Amino acid sequence: MSYFNNRRKPPSEHVYADTVIWQCSECNCWSRKEFIYVDEPICPMCTGRMNQEAKSIRVE
Ligand SMILES: [Zn+2]
């Protein structure tokens with residue numbers, strides 16, 4: 001009796017993509033740049049200043 005044939009495939013690895021985001025300088029809040037339509041966004045959580053950064057975001 002073999003269990004090997006009944007094994008499920010391991011979950012595939014997640015895919016990440018470098019994306020431009022706005023990162024809050026005061027807390028961990030961030031948002032993708034494509035959702036922000038102002039030049040100098042303010043953090044919705046703490047009203048801190050946000051800095052533009054590149055972040056690897058999981059896309060799959
Ligand atoms: Zn914040």
Side-chain angles (χ1 to χ4, degrees):
M1 193 158 146
S2 171
Y3 289 101
F4 289 101
N5 290 334
N6 291 329
R7 263 192 175 168
R8 290 185 164 212
K9 286 200 305 183
S12 57
E13 290 187 9
H14 299 309
V15 178
Y16 292 81
D18 279 342
T19 309
V20 177
I21 59 142
W22 286 103
Q23 170 71 60
C24 178
S25 59
E26 307 289 335
C27 70
N28 288 327
C29 185
W30 61 271
S31 179
R32 288 165 73 150
K33 189 182 180 233
E34 62 196 75
F35 298 140
I36 306 290
Y37 300 102
V38 295
D39 290 334
E40 293 184 4
I42 290 173
C43 176
M45 303 296 289
C46 72
T47 68
R49 284 192 54 187
M50 301 186 86
N51 301 313
Q52 212 173 111
E53 289 181 14
K55 184 184 181 75
S56 283
I57 294 177
R58 194 176 134 191
V59 293
E60 274 181 36

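Atoms within a ligand are numbered from 1 in the order they appear, just like the ligands themselves. Bear in mind the structure is a predicted one, so any value in this text is a computation, not a measurement.
Through side-chain heavy atoms spaced under 4.5 Å, either directly or across other Ile, Leu, Val, Met, Phe, Trp or Tyr residues, Trp22 is tied to Ile36, Val38, Met50.
Distances from the Zn ion (ligand 1) under 2.8 Å pick out these protein N/O/S atoms: Cys24 SG, Cys27 SG, Cys43 SG, Cys46 SG.
Between the side chains of Asn51 and Ser25, no donor-acceptor pair is found at a separation under 3.5 Å.
With respect to the salt-bridge test (charged N to carboxylate O, under 4.0 angstrom), the residues Glu53 and Lys55 do not qualify.
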**Report entry** CA sep, side-chain torsions, deciding dist, call: Cys46, Cys29, side-chain contact (heavy atoms from CB on, under 4.5 Å)
**Finding:** CA-CA 9 Å; Cys46 72; Cys29 185; over 6 Å; no

Report task. Would you please test Asp18 and Ile57 for side-chain contact (heavy atoms from CB on, under 4.5 Å) and show each step? Result -> CA-CA 6 Å; Asp18 279 342; Ile57 294 177; over 6 Å; no

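Side-chain N or O atoms of Arg58 include one that pairs as donor or acceptor with a backbone N or O of Glu60 at under 3.5 Å.
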